[in-house]
Amino acid sequence: VSNLLFRSLFDAESSTYTYLIADVSTSSAILVDPVLEQVDRDLKLLHELGLTLRYCLETHVHADHITGTARLREATGCLGIVPERAHTACADRFIQDGELLKLGPITIRAMATPGHTDSHMAYLINGDRVLTGDALLIRGCGRTDFQSGDAGTLFDSVTERLFTLPDETLVYPAHDYRGHTGSTIGEEKQWNVRFVGRDRFSFIEFMTHLVLPQPKKIMEAVPANERCGNVAGTA
Ligand SMILES: [Fe+2]
């Protein structure tokens, strides 16, 4: 597994993590959840590391930032991959539950984890680390009050899918608002206050009564992301 290059990249405005995953032996790379405003940073890093971007992969259609996929695709010719059933008109390819994406010897397995949105995927990298998107955050979880979100479905995705991975599995979320950069499944099972001591019913109760502001960018971000971040195509 020494061929794996793994980097967390952060967008401070939306508190989004973009993950760079690369196979050093073939110099091929994937960006997961790229952010439009950070495309120049990402292209510079790919250039400096001598990597060819093969894919941009989304965990879900985001409401809080515009994806960098359209611009990265223009610049590199990479393919845009989104979860099946995601409402996008622009994907080059859809990925479904259990499907394997290969990057040289590196394996990326899609895990359907709906609830935050109805088409959300987590990605298990080489079996030892999982990109949890907005399904499972460090000591938190994504909201379920729009984009066809459903609290009961999210509870099932986290407790029956993510929490059944080995305890030592590394956890890398799509956002963090408190400065954390990583966790493990075991740590979240013990300390994630959204889930510890809550059954499905009380989790739904709790999520239903959360009062959260609308993401600042939802009106522009969701329609743009349905076009893979193609802002110019507004019509
Ligand atoms: Fe989200």
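All ligand and atom numbering here is 1-based and tracks the order in the structure.
Of all N, O or S atoms in His116, the one lying closest to the Fe ion (ligand 1) is NE2. The closest approach of Asp134 to the Fe ion (ligand 1), by N/O/S atoms, is made by OD2.
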Given side chain to side chain contact (heavy atoms under 4.5 Å, CB included), test Asp167 with Lys189 step by step and report yes or no. CA-CA 8 Å; Asp167 279 355; Lys189 278 158 70 177; 2.7 Å; yes
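Within a 6.0 Å radius of CZ in Arg85, no more than 12 heavy atoms belonging to other residues, nucleotides or ligands are found.
Atoms NE2 and CZ, from His116 and Arg143 in turn, are 8.5 Å apart once rounded to the nearest 0.5 Å.
Taking the ring centre of Phe6 as origin, the terminal cationic atom of Arg129 falls inside the region bounded by 6.0 Å and 45° from the ring axis.
Checking His120 against the Fe ion (ligand 1), every N/O/S atom stays at or beyond the 2.8 Å cut-off.
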